[in-house]
Asks: 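Let me give you the structure first, and then I'll get to my questions.
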Amino acid sequence: IIYSTELLSQTKKDMEDLLSNPHVLQEAKRHRDALVVDSADGANGTIKEDQLLKVLNVIIRTCQCNEFPTPEAKAVREETN
């Protein structure tokens, strides 16, 4: 594996693009909401479901931290990297 500043910068940009993608946030919320509805129907959550719910909540919070209100805001962020 070759390490370089260019590769690190590209990886950082790719991660920021993933975390700021509104579809990722929507999908995580949809999965979380489905788990919450299932447990509200009276079924006790398993440990795996509880862990999945925690992971989905982390993904949601992380994506929300990377939301950009406008395309211009995202462009400014990319310029400052």
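Computed from a predicted model, the values in this text were never measured in an experiment.
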Asks: Measuring from atom CD of E16 to atom CG of L18, what distance do you get when rounded to the nearest 0.5 angstrom?
Replies: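 So the CD of E16 and the CG of L18 are separated by 11.0 Å.
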Asks: Just jot down the side chain to side chain contact (heavy atoms under 4.5 Å, CB included) partners of Q26, sequence neighbours excluded, or say none.
Replies: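 H23.
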Asks: Got a donor-acceptor contact below 3.5 angstrom from the N21 side chain to the D17 backbone?
Replies: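 Checking the backbone N and O of D17 against the side chain of N21, no donor-acceptor pair under 3.5 Å is found.
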Asks: Holding to side chain to side chain contact (heavy atoms under 4.5 Å, CB included), I want the full list of residues that pass it with T5, two or more places apart in sequence or in another chain.
Replies: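 So T5 forms a side chain to side chain contact (heavy atoms under 4.5 Å, CB included) with S9.
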Asks: Nearest 0.5 angstrom please: H31 NE2 to L35 CG, how far?
Replies: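 Rounded to the nearest 0.5 Å, the NE2-CG separation comes to 9.0 Å.
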Asks: Are V24 and L19 linked, directly or through other ILVMFWY residues, by side chains that come within less than 4.5 angstrom of each other?
Replies: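 They do share one cluster, since a chain of ILVMFWY contacts under 4.5 Å joins V24 to L19.
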Asks: Nearest 0.5 angstrom please: E27 CD to I60 CD1, how far?
Replies: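 So the gap between those two atoms works out to 11.0 Å.
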Asks: Scan residues 51-68 for pairs that pass salt bridge (charged side-chain N to carboxylate O under 4.0 Å, His left out), counting only residues two or more places apart or in two chains.
Replies: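 Passing the test, one end in residues 51-68: no pairs.
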Asks: Which pair of non-hydrogen atoms, one from N66 and one from T62, has the smallest distance, and what is that distance?
Replies: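 Closest pair (atom of N66, atom of T62, distance): ND2-O, 2.8 Å.
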